Number of protein chains: 4
Amino acid sequence: MPKIIDSEQYRKELLSKCFDLFAEKGYANVTTRQLSKELGVSTGALYHYFSSKKVMFEQLVEEISQQDVRMLSDAAKKAKTLTERIAALEACLIENQDYFVKQAVIWTDFYQHTELEEVLNNPVFKQVDERYEQIMMTLLGLSDAKLARFIWTLINGVLLEQVSTDGILSFTEQIELLMKMLTAYFEKHSTQ
Amino acid sequence: MPKIIDSEQYRKELLSKCFDLFAEKGYANVTTRQLSKELGVSTGALYHYFSSKKVMFEQLVEEISQQDVRMLSDAAKKAKTLTERIAALEACLIENQDYFVKQAVIWTDFYQHTELEEVLNNPVFKQVDERYEQIMMTLLGLSDAKLARFIWTLINGVLLEQVSTDGILSFTEQIELLMKMLTAYFEKHSTQ
Amino acid sequence: MPKIIDSEQYRKELLSKCFDLFAEKGYANVTTRQLSKELGVSTGALYHYFSSKKVMFEQLVEEISQQDVRMLSDAAKKAKTLTERIAALEACLIENQDYFVKQAVIWTDFYQHTELEEVLNNPVFKQVDERYEQIMMTLLGLSDAKLARFIWTLINGVLLEQVSTDGILSFTEQIELLMKMLTAYFEKHSTQ
Amino acid sequence: MPKIIDSEQYRKELLSKCFDLFAEKGYANVTTRQLSKELGVSTGALYHYFSSKKVMFEQLVEEISQQDVRMLSDAAKKAKTLTERIAALEACLIENQDYFVKQAVIWTDFYQHTELEEVLNNPVFKQVDERYEQIMMTLLGLSDAKLARFIWTLINGVLLEQVSTDGILSFTEQIELLMKMLTAYFEKHSTQ
DNA sequence: AATGAATGAGCGTTCATTCAT
DNA sequence: TATGAATGAACGCTCATTCAT
């Protein structure tokens, strides 16, 4: 029980430690006792850093979205042509497969456990949603926001499939297939 | 004998009545009291027909898969060419949009609340998974099981997106887009 | 664990059983576990009959006020002259000393743990307050509501004193003294 | 030596600052965090000056009793006849109405949260009780200790009534009425 | 077959108190 | 002295499940 000096720093550490637990069991199936045990602190300490389990989860979701943006932004930097961009996205997803699967699970869980009105009115989540749209537009050099969002939707579909099959189906294969579909679609619809 | 039939019939009625509740609130957020109230029976009666809440949910999932197969089979009957088949799938999904969204939510919820090992070892769910694979193969006239499964995965991605945006994004548009992508992919890869 | 048939009846029994506990320890110092143990039921059963600890306490307060009115009404019946009325009040208080002391403690506790606005706006408690006023007016044949209320106030002072001294000071003596004061006051101010 | 004096002085300052908080919310409803925030110190500092919340409360009660004695003693100084004494008591109570109401609340709270045996065996509180008795005897020139104590009891009844009605009933009126009763009683029983 | 009262482990949360700094 | 992060027992309450009727 060393005394924590950088409180903000420690809060983020706690968040990153609870990522796996929430991803594996889901919000409703993780108890605060499990959380505190896993994080190596008392339940009281948890409430010192987060005003409730719900708030903790929300802050985790926020944290994740920032990390996603960071990862995908980095992936986009070197790619120039559409083919290169698609390859870069594919590589980033495959490289960070475990992370992205967990992330997708947590988002799904979040939407499932939050009142819709609350989600839609929450400025943080509006912004997060827009960030995903934006990053997909930038990454693939698209001008159509809906298309960008749609591609992210399909990726999420593949990520969530991993959960239900525990990776029996090859993630790499599926992402490659998805990217081939995208390529076919772009080829067909950009030349017309 | 007639009593058993009635009882079985009644069990199925109860299941279909709890579909909406589970889809809207999620497994963990529905209490047995809510269920019994909604179904118009006592909690005791619920336990007469289902040995636990979990079993009830599992039987619902099974029931859903059978209904899915029925709906998609019907859709496939008249279609002959690949284009017609894709159109039929699109029409079926759009026509039963609400149902399929709820169904996808329930499946996701199910996987999130069940230990993986349990899912993978459960013969019922193995079979259900295979049924989805089979129906997509039949419907689209595919010989590649993985591809069939993959398409179902993408459809699920679009269905779940509806939940998080509450239909702000047009489901019809997205399904159409997905079908266009499939068409482009098939065109490109069947001629090679 | 016999199954309770007359639910309403049983609820009242539970209330009367928790009277002593609340009076001896005070609302905040009685836990629901203590209550359930003392009442011989599970904590769950408590919540079957009362929606919260607070509601339980409020219903107890209501129940008490009704009982008070009953006791004091009975006391008033036979008395005719002012002297007789005062004697009847004195007798009733002394006879039911333990009950009235506990009742006073619970009221005090209630006011101490409830937001004032809530008390003042609560129709039940308004009514209860008026009942005490009314019963004192009837009992002593007064037309002055404020005087009636004031006398009840003084009686409560004596009742609460018993708590802090645990009856070292004779309750009987003090009530007699209070009644003498009342008599002296009435004699002086009715002849003028 | 000067440090000790400062420390002692500071302790008393802290006590006087927490008077309002305890009076308004009650012992059980004030947390040590609230206390430390209100007093402008850390929770650690609180425990430097007081070994526990309970001890803090007890010392406050003691402090109050000393202040009461001081106020009532001052009131008694100039009064000579019984009529003057009663008027002086009345004036003192009315003038310091807010203080005396809070004080009565805290005493009541104290008795409600302390085991009786503990109160009765605690030399400090024995002494405090006697001080009240003494001051009432001195103030009213009484030789009967029980009568003195009884009058203080009635005054407390009126003070506590203020809490439950939030001053809707005039405190001044009620104290005047009480003093009239006392006068009537003294007149009747001193001439016999 | 059906009821709903009863159970009690376990939940999220609080808070008096401690102690490393 | 003084701080406030950390503790963990205990709180009010929930709810899947059982069982007397």
Side-chain angles (χ1 to χ4, degrees), chain A residues 1-7 10-11 27-37 40-56, chain B residues 3 6-7 10 27-37 40-57, chain C residues 1-7 10-11 27-37 40-56, chain D residues 3 6-7 10 27-37 40-57:
Chain A
M1 49 172 136
K3 202 170 166 177
I4 297 305
I5 297 304
D6 190 338
S7 190
Y10 193 55
R11 223 197 73 249
Y27 177 79
N29 293 315
V30 177
T31 70
T32 52
R33 277 162 189 70
Q34 279 179 307
L35 276 168
S36 61
K37 197 176 176 186
V41 299
S42 64
T43 57
L46 235 51
Y47 283 83
H48 184 72
Y49 290 101
F50 308 97
S51 57
S52 70
K53 183 187 169 190
K54 197 182 176 203
V55 161
M56 192 177 189
Chain B
K3 275 211 171 176
D6 283 348
S7 179
Y10 192 49
Y27 177 80
N29 293 317
V30 176
T31 68
T32 51
R33 276 168 186 65
Q34 279 178 305
L35 277 169
S36 61
K37 197 178 173 185
V41 299
S42 64
T43 56
L46 232 53
Y47 279 82
H48 181 73
Y49 290 102
F50 308 96
S51 58
S52 72
K53 184 187 170 188
K54 201 182 174 197
V55 161
M56 191 177 187
F57 191 60
Chain C
M1 46 172 137
K3 200 168 167 180
I4 297 305
I5 298 303
D6 190 339
S7 189
Y10 192 54
R11 223 196 74 248
Y27 177 80
N29 294 314
V30 176
T31 70
T32 52
R33 278 164 188 68
Q34 279 179 307
L35 276 168
S36 61
K37 197 177 175 184
V41 297
S42 64
T43 56
L46 236 51
Y47 282 84
H48 183 73
Y49 291 100
F50 308 97
S51 57
S52 71
K53 184 186 170 191
K54 198 182 176 205
V55 161
M56 191 178 188
Chain D
K3 276 212 170 174
D6 282 348
S7 177
Y10 192 49
Y27 176 81
N29 294 316
V30 176
T31 68
T32 51
R33 275 168 190 64
Q34 279 179 305
L35 277 168
S36 61
K37 195 178 175 186
V41 299
S42 65
T43 55
L46 231 55
Y47 278 82
H48 180 74
Y49 290 103
F50 308 96
S51 57
S52 72
K53 183 186 170 189
K54 200 180 176 197
V55 161
M56 191 178 187
F57 191 60

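The shown structure was predicted, so the numbers you read here are calculated from the model rather than taken from an experiment. So that the names make sense, note that chain A is the first sequence line, chain B the second, and so on, each numbered from 1.
The nearest pair of heavy atoms linking D:Thr32 to D:Leu46 is O-CD2, 3.8 Å. Between C:Ala28 and D:Ala28 the shortest heavy-atom distance is CB-CB, 3.8 Å.
Within the 4.0 angstrom heavy-atom criterion, only backbone atoms of the sugar-phosphate kind lie near B:Thr31; the bases stay farther away. Using a 4.0 Å heavy-atom criterion, one finds that D:Tyr49 contacts the sugar-phosphate atoms exclusively. When heavy atoms are screened at a 4.0 angstrom cut-off, D:Val30 is found touching the sugar-phosphate backbone but no base atom. Backbone-only contact: B:Ser52 has heavy atoms under 4.0 Å from sugar-phosphate atoms and none from a base.
Every pair passing side chain to side chain donor-acceptor pair (under 3.5 Å) that includes a residue from residues 43-57 of chain B is listed here, sequence neighbours excluded: B:Lys54-B:Glu118.
Between D:Leu35 atom CG and E:dT17 atom P the separation is 11 Å, expressed in whole Å. Atom CG of B:Leu46 and atom P of F:dT18 are 13 Å apart (whole Å). One can place NE2 of C:His48 at 17 Å from P of F:dC13, the figure rounded to the nearest angstrom. If you measure from atom NZ of A:Lys37 to atom C1' of E:dC11, you get 17 Å, rounded to the nearest angstrom. Atom CG in C:Asp6 sits about 21 Å away from atom P in F:dA20, given to the nearest Å. Remark: C1' of E:dT14 and CD of D:Gln34 are 12 Å apart, rounded to the nearest angstrom. The separation between C:Phe50 atom CZ and E:dA6 atom P is 11 Å, rounded to whole Å. Distance CZ (D:Phe57) to P (E:dT17): 14 Å, rounded to an integer number of Å.
The end-to-end axis angle of the helix from E:dA2-F:dT21 to E:dT21-F:dA2, rounded to 10 degrees and based on five pairs per end, is 10°.
In this structure, B:Asn29 has no side-chain hydrogen bond (donor to acceptor under 3.5 Å, both in side chains) partners at least two apart in sequence or on a different chain.
Side chain of A:Tyr47, nearest nucleotide from F:dA6, E:dT13, E:dA16: E:dT13. Which of F:dT1, F:dT17, E:dT13 sits closest to the side chain of A:Thr32 comes down to E:dT13. Comparing atom distances between the B:Thr43 side chain and each of F:dT17, F:dT1, F:dT14 picks out F:dT17 as nearest.
A heavy-atom distance below 4.5 Å is found between the side chains of D:Tyr10 and D:Val41.
Mapping C:Gly44 and A:Lys53 onto DNA chain E by nearest heavy atom places C:Gly44 closer to the 5' end of the strand. Each of A:Val41 and C:Tyr27 was matched to the nucleotide of DNA chain F holding its nearest heavy atom; the match closer to the 5' end belongs to A:Val41.
Neither OP1 nor OP2 of E:dG8 sits under 4.0 Å from any side-chain N or O of C:Ser42.
With hydrogens and angles ignored, no donor-acceptor pair under 3.5 angstrom links the side chain of A:Arg33 to the base of E:dG10.
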